[in-house]
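Data first, discussion second: the structure below is written as structure tokens.
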Amino acid sequence: MSNSIFKRFKKKETPIIEEKLPILEDRIFWVSTLQKIAFPVLNNLARDSLRKNMPVESISAEGHSSAYFDAFVRIFNGIASWLELGADNSEEGKIREKYIYLTLKAISNAINPKSNDYIFVVEPKQSLVDVALFAEGLLRAKNQIWLNLPIKVQARIIRDLKSTRIIAPYENHWLLYTSMIEAALLEFTGECDKERLVYGVRKFRDELYIGDAMYSDGEDFELGYYNSLFIHPMLNDILGVMRKYGLEDGEFLDVQLMRSSRLASQLERVISPEGTYPLLGKFLSYRCGVFHLMSQASLLKILPKNIHPAQVRSALTKVLKTQFESYNNFNSNGWLIIGLEGSQTDISDETTNTGTLYSCCSIFLPLGLDRNDMFWKAPSAEWSSLKAWNGHPIQRDQSINF
């Protein structure tokens with residue numbers, strides 16, 4: 001993508017007060033990186049040319065079939081809270097206005113059977129994942145995206161969300177995908193299939209909880225980032241809707257937010273001074289998306305009291321710079337390539353494709369906080385590993401006392 005769209009963000013001739021520089025530059029870098037990653041997908045889908053121009057890399061035929069929808073919903077899910085801030089007269093607000101327009105146009109093309117980029121096709125079973133991520137994005141950007149879609153487009157989306165009810169989820173984390181879709185239907189229509197909404201929530205509340213902040217996916221527990229990528233963020237958003245509508249099971253939200261806070265503290269500690277993190281689990285090609293839950297905890301303001309938002313911002317900024325300041329993770333046309341650092345196809349599995357790589361966009365959730373929020377306003381701060389390896393005082397890791 002051309003950098004011209006962001007030239008307006010460059011420092012003016014007029015001097016800027018020194019203590020504001022780190023704050024301004026961090027957020028500028030985040031928005032610039034968001035554009036670098038998201039623009040090729042959103043611009044092509046808005047122009048009805050995503051199938052034509054997006055390359056698809058995958059080790060299996062299964063990965064090819066859903067790649068285009070995978071890419072869009074993962075970007076939308078990650079940038080929705082930023083879009084929800086709406087347009088304003090600031091430089092960033094003008095860029096956000098453009099991306100709101102691109103997203104609205106992209107959705108209209110994606111759900112239109114007459115479009116070249118008709119990619120919103122509900123087919124068992126993998127589409128359940130994508131539809132759930134799309135529904136979560138709509139919840140996160142209700143005012144700027146959902147309410148600005150034409151009535152006919154809204155009606156089509158509602159119909160397609162309901163059509164996923166023919167899909168029987170696996171008895172594991174997939175239960176949350178059905179719950180998420182029903183939560184969106186409840187929010188947008190006032191009605192839902194209550195059994196599908198609450199079953200997955202109760203399963204994780206009563207049976208699949210392991211301890212501290214960890215959930216099982218219903219199979220053998222494996223150390224990795226699945227709790228951060230999908231389980232905790234979805235539970236938080238689902239339960240938020242259930243609490244809003246006075247459903248009894250929504251009371252579980254209080255405990256769930258405590259667990260999320262605990263996991264956020266653990267994730268903050270795994271970021272090294274260099275902005276790297278442990279190579280655990282099978283989703284390393286999602287890159288910085290593995291910090292989805294910590295980004296959401298920042299957005300929801302549920303970080304532990306002993307972790308200042310500025311140290312999370314500083315840590316995540318270092319991760320973003322490590323992975324995306326250069327073009328090592330893009331091909332020559334600006335599309336993401338499979339790998340953690342450069343092209344590393346062996347790191348993927350049969351469900352990985354070019355589209356799923358855009359799960360990295362979930363790191364951008366804190367952009368949904370106003371630029372005057374302490375997350376952005378406070379000066380840069382050392383995160384836990386940087387404190388520790390610099391020999392500075394650091395508190396011990398602490399479990400939750402329920």
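The first residue in the sequence is number 1, and the count goes up from there.
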Between Gln311 (side chain) and Ala381 (backbone), is there a donor-acceptor pair under 3.5 Å? no
Is it the case that atom CD in Glu382 sees more than 12 heavy atoms from other parts of the structure closer than 6.0 Å? yes
Would Thr356 and Asp70 count as having a side-chain donor-acceptor pair, cut-off 3.5 Å? no
Is any NZ, NE, NH1 or NH2 atom of the basic residue among Arg202 and Glu207 found under 4.0 Å from an Asp or Glu carboxylate oxygen of the other? no
Parallel, tilted or perpendicular for Tyr226 and Phe230, by the 30°/60° rule? tilted
Side chain of Ser32, backbone of Ile28: donor and acceptor closer than 3.5 Å? no
Determine whether Lys94 and Asp88 satisfy the following criterion, salt bridge (Lys or Arg N to Asp or Glu O under 4.0 Å), listing intermediate values before the conclusion. CA-CA 6 Å; Lys94 294 172 184 176; Asp88 57 45; over 6 Å; no
So among Arg165, Lys162, Lys194, which one has a salt bridge (charged side-chain N to carboxylate O under 4.0 Å, His left out) with Glu182? Arg165
On a heavy-atom basis, the closest approach of Arg27 and Leu369 is NH1-O, 2.9 Å
Check the surroundings of atom CG in Asn89: do more than 12 heavy atoms from other residues, nucleotides or ligands lie under 6.0 Å from it? no
Would you say the side chain of Trp335 lies within less than 4.5 Å of the side chain of Tyr358, judging by non-hydrogen atoms? yes
Is there a side chain to side chain donor-acceptor pair (under 3.5 Å) between Asn44 and Ser49? Walk through the geometry before answering. CA-CA 5 Å; Asn44 274 281; Ser49 59; 2.9 Å; yes
Counting only N and O atoms by type, is there a donor-acceptor contact under 3.5 Å from the side chain of Asn331 to the main-chain atoms of Asn333? yes
Close aromatic pair by centroid cut-off 6.0 Å: Tyr286 and Phe283: yes
Pair Phe69-Phe72, ring-ring contact (aromatic ring centres under 6.0 Å, His included): steps then yes or no: CA-CA 5 Å; Phe69 195 31; Phe72 169 65; 7.1 Å; no
Closest non-hydrogen atom pair, Ala213 against Asn227: O-OD1, 3.8 Å
Can the ring centroids of Trp376 and Trp30 be said to lie less than 6.0 angstrom from one another? yes
Quick check against the 3.5 Å criterion: does Asn112 have a side-chain atom that pairs as donor or acceptor with the backbone of Ser108? no
Close side-chain approach of Val129 and Thr351, heavy atoms under 4.5 Å: no
In Å, rounded to the nearest 0.5 Å, how long is the span from CG of Leu235 to CD of Gln256? 4.5 Å
Within the 6.0 Å centroid threshold, strictly below: Phe188 and Trp146: yes
Measuring only between side-chain heavy atoms, which start at C-beta, is Phe324 closer than 4.5 Å to Cys288? yes
Go through the steps for Phe252 and Arg243 under the test side chain to side chain contact (heavy atoms under 4.5 Å, CB included), then give the verdict. CA-CA 9 Å; Phe252 176 49; Arg243 170 72 66 84; over 6 Å; no
Is there a side-chain contact between Arg262 and Asp397 in this structure, where contact means two heavy atoms from C-beta onward sitting under 4.5 Å apart? yes
Could you tell me whether Arg47 and Asp117 make a salt bridge, using a distance below 4.0 angstrom between a side-chain N and a carboxylate O? no
For Arg205, is there an ion pair with Asp249 - N to carboxylate O distance below 4.0 angstrom? yes
Side chain to side chain donor-acceptor pair (under 3.5 Å) between Tyr99 and Gln144: does it pass, once the steps are laid out? CA-CA 11 Å; Tyr99 275 75; Gln144 296 300 326; over 6 Å; no
Exam field: side chain Glu136 to backbone Ala132, donor-acceptor pair closer than 3.5 Å: no
Judged by atom type as modelled, is there a donor-acceptor pair below 3.5 Å linking the side chain of Asp212 to the main-chain atoms of Ser399? no
Looking at Glu191, I want to see if its CD is surrounded by more than 12 non-hydrogen atoms of other residues, nucleotides or ligands under 6.0 Å. no
Before you tell me yes or no, could you show the steps for Asn353 and Glu57 under side chain to side chain donor-acceptor pair (under 3.5 Å), namely the whole-Å CA-CA distance, both residues' side-chain angles and the distance that decides it to 0.1 Å? CA-CA 5 Å; Asn353 60 57; Glu57 184 182 13; over 6 Å; no
Does atom OH (Tyr245) have a neighbourhood of more than 12 heavy atoms from anything else shown, all under 6.0 Å? yes
Answer yes or no: are there more than 12 heavy-atom neighbours, outside Lys282 itself, under 6.0 Å from its atom NZ? no
Quick one: are Thr352 and Ser58 in side-chain contact, heavy atoms under 4.5 Å? no
Any side-chain heavy-atom pair of Leu138 and Ile157 under 4.5 Å: yes
Donor on one side chain, acceptor on other, Thr276 and Glu274, under 3.5 Å: no
Sole candidate of Thr317, Val31, Leu316 that passes side chain to side chain contact (heavy atoms under 4.5 Å, CB included) when paired with Asp26: Thr317
Do Ser261 side-chain atoms and Ile302 backbone N/O form a donor-acceptor pair below 3.5 Å? yes
When every non-hydrogen atom of Pro40 is compared with those of Gly334, the smallest separation belongs to CG-O, 3.7 Å
Looking at Asp237 and Arg140, does any basic side-chain N land under 4.0 Å from a carboxylate oxygen? yes
Considering only NZ, NE, NH1 and NH2 on the basic side and carboxylate oxygens on the acidic side, decide whether Glu187 and Lys142 come within less than 4.0 Å. yes
Could you check whether atom CD of Gln398 has more than 12 heavy atoms from other residues, nucleotides or ligands sitting under 6.0 Å from it? yes
Side-chain donor-acceptor pair present, Trp82, Glu92, cut-off under 3.5 Å: yes
Assess the residue pair Gln323 and Asn329 against the criterion (side chain to side chain donor-acceptor pair (under 3.5 Å)); give the C-alpha distance rounded to whole Å, side-chain angles, the decisive distance to 0.1 Å, and a yes or no. CA-CA 7 Å; Gln323 297 201 297; Asn329 290 319; over 6 Å; no
Backbone of Met294 reached by a side-chain donor or acceptor of Ser298 within 3.5 Å: yes
Proximity of Tyr215 and His232 rings by center, below 6.0 Å: yes
Is it true that atom NZ of Lys105 has more than 12 heavy atoms of other residues, nucleotides or ligands lying nearer than 6.0 Å? no
Locate the shortest heavy-atom distance separating Gln126 from Ser66; write the atom from each residue and the value. CG-OG, 4.2 Å
Side-chain (Ser228) to main-chain (Leu293) donor-acceptor, under 3.5 angstrom: yes
Is the shortest heavy-atom distance from the side chain of Tyr118 to the side chain of Asn109 under 4.5 Å? no
If you define the side chain from C-beta out and look only at heavy atoms, does anything of Arg74 sit under 4.5 Å from Leu357? no
Return the orientation label for the His173 and Tyr177 ring planes: parallel under 30°, perpendicular over 60°, tilted otherwise. perpendicular
Taking His392 for its side chain and Lys387 for its backbone only, find out whether a donor-acceptor pair lies under 3.5 Å. no
Quick one: which residue pairs count as a salt bridge (Lys or Arg N to Asp or Glu O under 4.0 Å) with a foot in residues 283-310, not counting sequence neighbours? Lys301-Asp373
Under the salt bridge (charged side-chain N to carboxylate O under 4.0 Å, His left out) test, residues paired with Glu268 that sit two or more places apart: none
Taking the six-membered ring for Trp, are Tyr225 and Tyr277 parallel (under 30°), tilted (30 to 60°) or perpendicular (over 60°)? perpendicular
